[in-house]
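Worksheet: one structure, shown below.
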Amino acid sequence: MESKNTNMPVGLFDFNSHKEVVKCLSKVTGRSESEINSILFREAMETGTAVTRAADDFGVTPHVYNERMACFYSETDAFVFELTVGHMRKACKKIDQRVIESVSEYSDGVHMLCLGDGIGTDSLRFAKAGFNVTYFEFEGPSSQFAERRFAREGVVEKVNVINSIGGIPHSSFDVVVCREVLEHVPKPKKVIKDIRKYANEKGICVITESFSRIEDKFPTHIASNEKYAGKTKKLFVEEGFELLRAYDNDRPIVLRKTKKSDKSRFSTLPEENSIHVKSVIRRVGKKILNLFP
């Protein structure tokens, strides 16, 4: 077993030039390099352009999960372009670094599941650092691009690629990384239950989501999930996790699996701590008042 390397690169680190990216995208999508350059340029100018245009052409009803949207995920290559540009943005690189820090600080294990890892950037990063990685993404252009990247970097033997949700083993992972997935699924609470099943006894999960971003440029963010905005930490703790850390804007949050019988996990929620502190103050205040006749 290789030792873990915590000094990892961020962003779209496996390409040395824009030209390399375009050539690789061309091989996966079958599009011409000039067309790819145009798509990337538009996406760089305005996030969501590729997916919005493709969703409209495909007949997707924005923000409504149905059979048409499910087919869209498996058939379109638009997410490949959105993610390729997104992973080069400063904000994404900052979150990359936080994910690396979180895994280094809160886990000693090497078995990692990257759930819904799109074009495979987290899987590739951690595989090259010595982790035993399981990459999950439904079969389609995104997973094809990810597998091509794994092959280019010589980590095919280090990454277990799974395209069926039923193929993910339970109680197997020291770390589950799930970034920007929950807002896309029709039943995010079920996915949270599944994440707990995938984690081993003391496994951690590193989570980002965009429940609140029901915007025109994100047509595959499900409107019915907006009610969960600001409640992600609570949803995970209720399901059987303790909160370890929440970065700015909850990007990401880091949690550890606990026994459901362990009610102390609720004290890790900021709002629960606030309620607890107020309760203590009230009790102490009453005791002080009782000292006086």
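With hydrogens and angles disregarded, a donor-acceptor distance shorter than 3.5 Å links the side chain of Arg196 to the backbone of Thr258. Arg152 contributes no side-chain N or O that, together with a main-chain N or O of Glu147, makes up a donor-acceptor pair within less than 3.5 Å. Checked by atom type and distance alone, the side chain of Glu82 never pairs as donor or acceptor with a backbone atom of Ala78 at under 3.5 Å. For the pair Thr121 (side chain) and Asp117 (backbone), a donor-acceptor distance under 3.5 Å is absent.
Side-chain contact check for Arg179 versus Ile207: every heavy-atom pair is 4.5 Å or farther apart. Between Tyr135 and Asp122 the shortest side-chain heavy-atom distance does not fall below 4.5 Å. Using a 4.5 Å heavy-atom cutoff, the side chains of Ser123 and Phe150 are in contact.
Remark: aromatic rings of Phe15 and Phe13 are distant, center separation not under 6.0 Å.
By the 6.0 Å and 45° rule, Arg256 does not stack over the aromatic ring of Tyr106.
Scored by the side chain to side chain donor-acceptor pair (under 3.5 Å) test, Glu215 finds Arg213 as partners (sequence neighbours excluded). Checked against ring-ring contact (aromatic ring centres under 6.0 Å, His included), His18 has no partners two or more places apart in sequence or in another chain.
Here Phe41 is tied into one hydrophobic group with Met45, each link being a pair of ILVMFWY side chains closer than 4.5 Å.
Remark: Glu139 CD is loosely packed, at most 12 non-hydrogen atoms of other residues, nucleotides or ligands lying under 6.0 Å away. Atom NZ of Lys189 sits in a sparse spot, with 12 or fewer heavy atoms from other residues, nucleotides or ligands closer than 6.0 Å. Heavy atoms of other residues, nucleotides or ligands lying less than 6.0 angstrom from NZ of Lys190 number 12 at most.
Pairs passing the side chain to side chain donor-acceptor pair (under 3.5 Å) check and including a residue from residues 198-207, sequence neighbours excluded, read Asp174-Asn200. Within the structure, the side chain to side chain donor-acceptor pair (under 3.5 Å) test picks out the following pairs touching residues 42-65 (sequence neighbours left out): Thr47-Arg89.
Note that SG of Cys205 is 13.5 Å distant from CZ of Phe173, once rounded to the nearest 0.5 Å. In this structure, the separation between CZ on Phe211 and CG on Leu182 is 4.5 Å, given to the nearest 0.5 Å. Atom CD1 of Ile195 and atom CD1 of Ile204 lie 12.5 Å apart (nearest 0.5 Å).
For Lys259 and Asp262, the salt-bridge test fails: no basic side-chain N is under 4.0 Å from an acidic carboxylate O.
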Name the atoms and distances for all side-chain donor-acceptor pairs under 3.5 Å in residues 235-247, with sequence neighbours left out.
residue, atom, partner, partner atom, Å
Glu239, OE1, Lys193, NZ, 3.3
Glu239, OE2, Lys260, NZ, 3.0
Arg245, NH1, Tyr247, OH, 3.3
Tyr247, OH, Glu101, OE1, 3.4
Tyr247, OH, Ser102, OG, 3.3

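Tested against Leu25 for a side-chain contact (heavy atoms from CB on, under 4.5 Å), the candidates Val80, Asp77, Ile119 yield a single pass: Val80.
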